[in-house]
Structure formats: structure tokens, C-alpha cells
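Remember, predicted model here, so these are calculated numbers, not experimental data.
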Amino acid sequence: MAYEGLEVYLTDHLAGATAGLNLSQMAAEEHRSDDHGPFFGEIASEIKADYETLERLIDDLGTDRSATKTAAAEIGSKFMAPKFTGGDNDQLNAFITLETLAIGVEGKLCMWKALKTVADANPTLGNYGIDELIERAQSQRDRIEAKRLEIAPQALAHTANV
């Protein structure tokens, strides 16, 4: 690959996408039998499609994937799993998961926007419908934020018995 900065940037985002994919799939599984299940299932499916698009882009650009970054994302995902699934407050777990996913999707949106700025200089990027990827990321971000704010009152008002 001729652009070292682009290679580093994409492998960093692939690591983040790995963590985001793991979290979204874990949330879909964790909430499959509650009111949040359909939402998390839909978001996980979209995040998986975006992850696969990023993998194809990296391959098409001839970028070497960083096994170290990917392994760190995998390990981190597993290490943090109890934060998103533990305890007895499903609303709080869903809320924290949504907030974390929102941050990840915002990063993905930033990536697609940045890649759009160099698409003219790199013809491979032109094959990926960057505008549509930006729109999908923005839609995900908006839907996650709406769901997050919808459950915030229940998640944050939960009181422990003292």
C-alpha cells in the first residue's frame, strides 16, 4: 500500500470495528428475549455488514491487517463483557451498551467521512459507495441515540433497596 497513514488508520478502525461487532452481537444475544432484542438484532446485523465492508476495503487496498490490534480488540471485548451483561438491571445494561455503541458508530461515521475526502486520490475508495456508508452510519447513530434516550429514565432512575 502506498499510503502508510491510510493503512494505520484503517487497521485502527478495524480493531475498533471488531470490538463494536462483538459488543453488538453480545447485546443481541443478551436481549434476544426482552423488549430490546429486535433493536439490538437489527443494529448488530448492520454493524456486521459494515465490518465486512471495511474488511473488503482493507483487502482491496492491499493493507496488511494487524493481528496485534485485532487480538487486543477481541481480548478487550471479552474482558469488558460483564460490564454490559452483569447485574440485575437490564435497563442499565442496555443503556450502557447503547452509549458504548453510539461512541463506536460515531467513530465509524468519522472514518467514512474522512475516507470521502481522499476518495478522489484513491480510486479503490470510489467503489465503496462512501456516501451511502455515511448515511447508514448516521442512521445507526440517530437510532441508537433515540433508543438510548428512550430508556435513560428507567436505567438511571433505578434505585437500590437500602
Side-chain angles (χ1 to χ4, degrees), residues 1 3 5-32 34-61 63 65-66 69-70 72-74 76-77 80-81 83-85 90-156:
M1 170 176 255
Y3 304 102
L6 183 58
E7 184 171 319
V8 170
Y9 186 69
L10 291 175
T11 57
D12 285 351
H13 272 278
L14 184 62
T18 299
L21 176 60
N22 289 345
L23 178 58
S24 68
Q25 290 175 332
M26 181 177 46
E29 178 65 22
E30 176 75 11
H31 295 281
R32 74 180 180 285
D34 66 30
D35 292 345
H36 306 303
F39 180 82
F40 279 118
E42 179 181 319
I43 290 295
S45 178
E46 291 179 20
I47 288 173
K48 183 177 183 187
D50 294 338
Y51 180 85
E52 291 169 351
T53 298
L54 181 56
E55 283 187 312
R56 282 192 309 277
L57 174 60
I58 286 170
D59 290 344
D60 287 351
L61 290 170
T63 299
R65 297 182 192 193
S66 171
K69 290 176 185 180
T70 302
E74 289 285 352
S77 297
M80 291 301 296
K83 176 71 175 169
F84 303 104
T85 60
D90 286 339
Q91 294 292 354
L92 182 60
N93 291 344
F95 178 78
I96 291 169
T97 300
L98 288 164
E99 193 159 292
T100 304
L101 286 172
I103 293 166
V105 170
E106 184 67 28
K108 174 174 54 180
L109 177 60
C110 290
M111 176 193 67
W112 294 132
K113 287 179 177 180
L115 291 176
K116 183 176 178 167
T117 70
V118 296
D120 288 343
N122 194 321
T124 301
L125 293 171
N127 298 329
Y128 278 85
I130 301 288
D131 288 331
E132 291 81 15
L133 292 166
I134 290 170
E135 288 175 24
R136 183 162 66 188
Q138 186 63 59
S139 172
Q140 289 169 6
R141 180 67 179 91
D142 292 346
R143 288 180 287 140
I144 290 169
E145 181 64 3
K147 187 69 159 172
R148 187 183 76 84
L149 293 176
E150 174 189 317
I151 67 172
Q154 298 88 8
L156 301 177

- prompt: Stepwise, does the side-chain contact (heavy atoms from CB on, under 4.5 Å) test hold for Leu115 with Asn122?
  reply: CA-CA 9 Å; Leu115 291 176; Asn122 194 321; over 6 Å; no
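- Remark: Arg136 does not engage Glu132 in a salt bridge, criterion side-chain N to carboxylate O under 4.0 Å.
- In plain terms, the two heavy atoms of Leu10 and Met111 that are nearest each other are CD2-SD, 4.4 Å.
- The number of heavy-atom neighbours closer than 6.0 Å to CG of Asp59, taken from other residues, nucleotides and ligands shown, is above 12.
- For the pair Arg148/Glu145, a side-chain contact is recorded, criterion being any heavy-atom separation below 4.5 Å from C-beta on.
- If you take CG on Leu156 and CD1 on Ile151, they are separated by 9.0 Å, rounding to the nearest 0.5 Å.
- Within the 3.5 Å criterion, the main-chain N or O of Glu7 finds a donor-acceptor partner in the side chain of Thr11.
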- prompt: Does the pair Glu29 and Arg32 meet the rule for a side-chain contact (heavy atoms from CB on, under 4.5 Å), with working shown?
  reply: CA-CA 5 Å; Glu29 178 65 22; Arg32 74 180 180 285; 2.6 Å; yes
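- With values rounded to the nearest 0.5 angstrom, Leu14 atom CG is found 10.0 Å from Thr63 atom OG1.
- Contact record, Ala17 with Leu54: CB-CD2, 4.2 Å, taken as the closest heavy-atom pair.
- Heavy-atom neighbours of Asp142 CG from other residues, nucleotides or ligands within 6.0 Å: above the threshold of 12.
- Residues Glu46 and Arg143 are paired through a salt bridge, judged by an N-O separation under 4.0 Å between the basic side chain and the carboxylate.
- Across all their heavy atoms, Leu21 and Ala44 have their closest contact at CD1-O, 4.4 Å.
- One N or O on the side chain of Tyr128 and one on the backbone of Arg56 form a donor-acceptor pair closer than 3.5 Å.
- Note that the NZ atom of Lys108 and the OG1 atom of Thr53 stand 9.0 Å from one another [nearest 0.5 Å].
- Below 30°, between 30° and 60°, or above 60°: for Phe40 and His31 the angle between ring planes is below 30°, a parallel geometry.
- Minimum interatomic distance between Leu125 and Ile130 (heavy atoms only, all atoms of both residues): O-CG1, 3.7 Å.
- Leu133 CG to Trp112 CH2: the interatomic distance, rounded to the nearest 0.5 Å, is 4.5 Å.
- Side chains of Gln91 and His36: a donor on one and an acceptor on the other come within 3.5 Å.
- Using a distance-only test at 3.5 Å, with no hydrogens or angles considered, a donor-acceptor pair links the side chain of Thr117 to the main chain of Ala114.
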message: Show, in sequence, the C-alpha distance, side-chain angles and deciding distance for Lys147 and Ile43, and conclude whether the side-chain contact (heavy atoms from CB on, under 4.5 Å) test is met.
response: CA-CA 11 Å; Lys147 187 69 159 172; Ile43 290 295; over 6 Å; no
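- Going from atom CD1 of Ile144 over to atom OG of Ser139 covers 9.0 Å, rounded to the nearest 0.5 Å.
- The distance from atom SG of Cys110 to atom CZ of Arg141, rounded to the nearest 0.5 Å, is 10.0 Å.
- In this structure a side-chain-to-backbone donor-acceptor pair under 3.5 Å is present from Thr100 to Ile96.
- Tyr51 contributes no side-chain N or O that, together with a main-chain N or O of Thr18, makes up a donor-acceptor pair within less than 3.5 Å.
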